[in-house]
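Below you'll find the structure, written out as structure tokens, and then a few comments.
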Amino acid sequence: MAKRQTLAASMQAKSGRLYAVINIREDGKSKAVWRALGLPDTVGKAAANKAFRETVARFEDEYNERLLRGDRPDADIPIYTFLCAHLTRVEKTLQESTVRSYGTLVHGRIKQHFTKHPSLTVSNLRPKDIEEFYEFLYSLGCGENTVLHYHTLLHSAFKQAVKTERIDVNPFDRIDRPKKQKYTADCYTKEELILLLDVTREETIYPAIMLAGGLGVRRSEALGIRWSRINWAEGTVLIDTKVIDSKDKNGKGIAKPVEEMKNSSSRRTLVIPKPILAMLKEHKEKQEMYRQLFRGSYDRTFDDYVCTDQLGRLVKPSYVTNRYDRVLKKYGLRKIRYHDLRHTFASLLIAEGVPLILVSRFLGHSDIATTANIYAHLDKEGKQISADIIGNVLAGK
């Protein structure tokens, strides 16, 4: 049986709190591990020494248990370092847009908070530490939905730590999951939508506005629509490509087409309303005019895409969002989000009595529950029909 190791340790104060700094050897090298005593540096000597001895003893028990097992991966990894490694490990299984989103979380506020707390590691993170991180996020103005994104990432990473036996219990299972904040869309009326389409005809993002308001597609889907996917005879379009913000090998921001949709229901064929079909034909003619006008300066790489600028370059999603806000201000239009054009499309359908199941298929939701959660309050006609049917049944008709 291996001899139990006694570890050298010292008590240190940092940022007004007391810590035990314990020295271990790992891969032949000395390493200092910080453990919080949970006390301010103003506490009495007796209480500090007692907490110090208990903390070191507890760590020694954990450390010797790992040595005895011999197969347990190191869990004394700082949180930020662990999250960086986790992101590298899972990035091949995620869509590029998701990886970029997670990277923003990890290298932004996770780094900002946890690098200021070097004593917090995978093995000693406690529910109170997690709550303190969430309070930090709220103090920066983050909403419930944003905090939920952080929670999802961290919970998943620590779930993997349990699976690989770095730790025995996921600390994120021991706290209340942040509640998702229900968003109520601010939609345009049909008059406002028509006005928006009318005044933005000469804007580069006009096709993206037209497709979001007239077909209810997502921003990435609107930018991914291709001429070859439009069946002019039948008046339909296949949604099978999206465009995301990415970077080239030099780190410059670019628009990148991806033939991988959000979910299986996102790949769908939509019937194009006749006014939108007419607008598309008009835009196609305009693209051909630009090709003739700029000739050698015109980029032919994305000829198959509807949403390109005057020089044939694919429009970036981030440009659409930024330009859209400026366009509304320029023309004095009521401010709603670009994504709310999709909500406008759905609300106009529901107002005309289209059943939620059909609206769900138009929008490419994975299930009707998603549609119902967002739009059920608008389905007044559907509710009235249901009430009338039940009323007739109970009346014996």
Side-chain angles (χ1 to χ4, degrees), residues 14-17 19 33-36 38 40 74-164 166-167 169-183 219-220 244-247 251-253 262 316-322 325 337-339:
K14 183 180 179 66
S15 301
R17 308 294 294 178
Y19 297 89
V33 178
W34 289 62
R35 286 290 185 270
D74 178 34
D76 292 316
I77 306 172
I79 305 300
Y80 172 63
T81 303
F82 171 65
L83 265 294
C84 289
H86 174 74
L87 195 59
T88 300
R89 181 171 56 252
V90 302
E91 64 181 357
K92 292 182 179 178
T93 66
L94 302 173
Q95 293 188 11
E96 183 178 336
S97 55
T98 304
V99 173
R100 288 174 62 84
S101 175
Y102 282 172
T104 300
L105 303 184
V106 171
H107 302 303
R109 287 161 182 164
I110 287 177
K111 178 181 180 181
Q112 182 182 353
H113 179 78
F114 286 106
T115 52
K116 291 181 179 179
H117 300 81
S119 62
L120 293 180
T121 67
V122 174
S123 63
N124 73 0
L125 189 70
R126 299 292 180 261
K128 66 179 183 63
D129 303 316
I130 300 170
E131 297 290 356
E132 287 177 4
F133 174 57
Y134 290 170
E135 287 301 321
F136 164 72
L137 295 176
Y138 288 127
S139 73
L140 296 177
C142 295
E144 293 284 352
N145 290 348
T146 300
V147 177
L148 181 58
H149 288 318
Y150 281 96
H151 177 83
T152 300
L153 169 61
L154 289 162
H155 185 277
S156 175
F158 274 75
K159 183 178 180 181
Q160 183 65 26
V162 173
K163 188 175 181 180
T164 57
R166 286 186 187 275
I167 53 178
V169 178
N170 188 340
F172 289 86
D173 286 335
R174 299 168 62 188
I175 67 167
D176 292 331
R177 183 175 182 267
K179 294 181 180 179
K180 186 171 184 179
Q181 201 171 29
K182 189 171 182 179
Y183 176 76
R219 180 185 63 174
S220 60
I244 63 172
D245 281 306
S246 187
K247 292 184 179 180
K252 181 181 178 182
K262 183 176 182 180
K316 292 187 292 186
S318 55
Y319 176 79
V320 171
T321 301
N322 294 333
D325 290 340
R337 302 181 312 167
Y338 171 81
H339 190 74

Mutual orientation of the aromatic rings belonging to F172 and Y134 [parallel < 30°, tilted 30-60°, perpendicular > 60°]: tilted
Trace of the side chain to side chain contact (heavy atoms under 4.5 Å, CB included) decision for L153 with L83: CA-CA 9 Å; L153 169 61; L83 265 294; 4.1 Å; yes
side-chain hydrogen bond (donor to acceptor under 3.5 Å, both in side chains) contacts in which one or both residues fall within residues 152-163, not counting sequence neighbours: H155-D173
Candidate list Y150, F133, F136, test ring-ring contact (aromatic ring centres under 6.0 Å, His included), partner F114, passing option: F133
H149 and Y102 side chains, donor-acceptor separation under 3.5 Å: no
Spatial distance of atom NZ (K179) from atom NE2 (H151) [nearest 0.5 Å]: 13.5 Å
Spacing of OG belonging to S220 relative to CG belonging to D245, to within rounding of 0.5 Å: 10.5 Å
Side-chain touch L137/T146, heavy atoms, less than 4.5 angstrom: no
Check: N124 side chain, S119 main-chain N or O, donor-acceptor pair, under 3.5 Å: yes
Side-chain donor or acceptor of R219 paired with backbone N/O of P317 under 3.5 Å: yes
Pair listing, salt bridge (charged side-chain N to carboxylate O under 4.0 Å, His left out) test, anchored in residues 95-116, at least two apart: E96-K256
Distance, nearest 0.5 Å, that separates CD of E135 from NE2 of H113: 10.5 Å
Residues R166 and T121: side-chain donor-acceptor under 3.5 angstrom: no
Option among I175, L154, L120 that satisfies the side-chain contact (heavy atoms from CB on, under 4.5 Å) test with I130: I175
D325 side-chain N/O to N322 backbone N/O, donor-acceptor pair under 3.5 Å: no
